[in-house]
Amino acid sequence: MEQVVVVRGGHLLTMGPAGDLEDGAVAFAAGEVLAVGPFAEVAARFPGAEVVGDGHGVVLPGLVNAHTHLSEALLCGMGEDLTLLEWLAAIIAPASRHLTREMARVGAMLKGAELLLSGATCVNDMFCHTNLGSEASLGVVDGLEELGLRGVVAFGPEDMVEQDRHPVAAFLAEHEALAGRCAETELVGFRLGVGTVLGQTDELLAASARAAREHGWAVHTHLAEVREEVVSSRLRWGRTSVERAADVGLLEVPVVAGHGIWVSEPEIRLLAGAGVAIVHNPVANMLLGSGVCPLAALRGAGIPVGIGTDGPASNDSQNMLEAVKAAALLHKVARLDPRAVTAGDVLAMATIEGARALGLDGRIGSLEPGKRADVVRLRGDRPGLANVHDPRQQVVYCASVADVADVWVDGARRVADGRLVGPDLAALVEASRPLAADLVARAGLGEHSRLA
Ligand SMILES: [Zn+2]
């Protein structure tokens with residue numbers, strides 16, 4: 001029999017039916033959760049188990065980063081003074097024309113490492129590029145596989161700018177190639193990406209919706225991120241981007257969409273009726289000045305809402321703990337009400353609700369027997385969690401990356417005592433440097449980068 005691992009914490013937040021347990025433990029073997037319960041009971045049931053952790057700190061399910069763009073992995077720290085559409089035109093679009101599969105692989109590992117070290121065990125990525133023929137998006141799968149991070153990967157093209165226009169068949173070919181690459185892996189799933197509804201020609205959008213329906217592919221896109229999107233959509237079609245997505249049949253398959261900020265009440269009902277899931281990205285929304293997601297209205301309508309970092313160039317990090325804390329803070333101050341959202345709400349969104357948004361809640365998002373063993377242990381021997389009065393509040397408001405002691409993905413230990421297991425982090429950083437400099441030079445981003 002496979003070695004059983006028992007992870008013990010002063011508090012175990014299962015985010016499942018077993019609730020929160022004091023001095024609790026989770027046991028797993030061969031990647032599957034076998035039991036959760038009081039440590040004494042779990043330890044007695046598995047006497048030969050390897051025990052990790054003590055009666056301090058907090059153990060919880062791995063966090064689900066439900067929306068990011070690893071295509072931005074090499075572009076952090078540019079354009080803080082730009083709004084979304086300006087930033088896309090000035091930085092993201094030029095870079096998107098020069099991304100390669102190797103940049104994708106190294107970037108996915110670099111930022112994937114940042115995710116693991118901040119307690120994330122699953123990432124929903126939309127790799128946006130227009131360097132067709134490079135099949136760059138497949139590099140994300142290469143990187144996640146090498147790192148051992150669970151993921152869902154989409155290719156999210158846009159072709160409204162003349163320079164980025166290619167035959168629709170060429171875009172569809174990359175979706176198919178990516179789906180094929182994902183099918184070869186255990187840990188990485190596929191979605192069809194639509195960069196944005198507004199950013200695609202009518203021809204590409206219609207073909208994407210048709211391909212999703214024909215293949216039964218779920219979709220990853222953005223909806224209602226900024227007011228300009230709503231206005232431009234109305235000018236173009238007489239419909240908002242949400243309505244347009246419905247019109248072209250895009251909402252007939254499972255859809256997860258970033259943001260959902262500028263949505264009307266009828267649109268919220270439309271999204272809920274279509275089973276669309278939304279991902280809230282508080283840090284990116286604040287940095288770009290995009291707006292405040294109507295979290296209570298969305299969740300009140302029954303829409304699953306996950307939490308995302310959004311891309312490394314619009315956040316500008318992949319620190320998932322920071323995104324969780326920002327989600328709580330943003331809504332308290334925006335509503336001028338500390339009861340607007342609780343630590344329990346945002347932790348649910350970052351785990352089980354995020355998993356539900358991705359259609360993965362049967363496998364991950366909570367610690368329950370039969371689910372995959374994606375587990376995080378936050379240490380109790382540092383200032384953050386030294387005295388735990390309320391484990392939920394302290395995970396959200398007190399814990400930092402330095403408190404992330406151990407992380408398991410599918411039962412495999414990927415972070416041990418705060419250090420990445422497997423790939424050499426220093427070598428990874430080193431490998432990323434010439435790629436970042438090359439990308440800046442090719443994309444002509446000298447104005448925004450000291451690397452030029
Ligand atoms: Zn995004």
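In what follows, residues are counted from 1 in the order of the sequence shown. Every number for a ligand or one of its atoms is a count from 1 in the order of the listing.
- Remark: the backbone N or O of Arg442 is paired with a side-chain donor or acceptor of His98 at under 3.5 angstrom.
- Inter-residue side-chain proximity for Pro61 and Met15 is flagged as met; some heavy-atom pair is nearer than 4.5 Å.
- Summary: OD1 is the N/O/S atom of Asp310 found nearest to the Zn ion (ligand 1).
- His220 places no side-chain N or O within 3.5 Å of a backbone atom of Arg191 that could act as its donor or acceptor partner.
- Looking at His69 and the Zn ion (ligand 1) together, the shortest N, O or S contact belongs to NE2.
- For the pair NE2 of His67 and NE2 of His222, the angle whose vertex sits at the Zn ion (ligand 1) is 90° to 10 degrees.
- For Glu225, every N, O or S atom stays at 2.8 Å or more from the Zn ion (ligand 1).
- Using cut-offs of 30° and 60° for the angle between ring planes, the Phe171 and Phe155 rings count as parallel.
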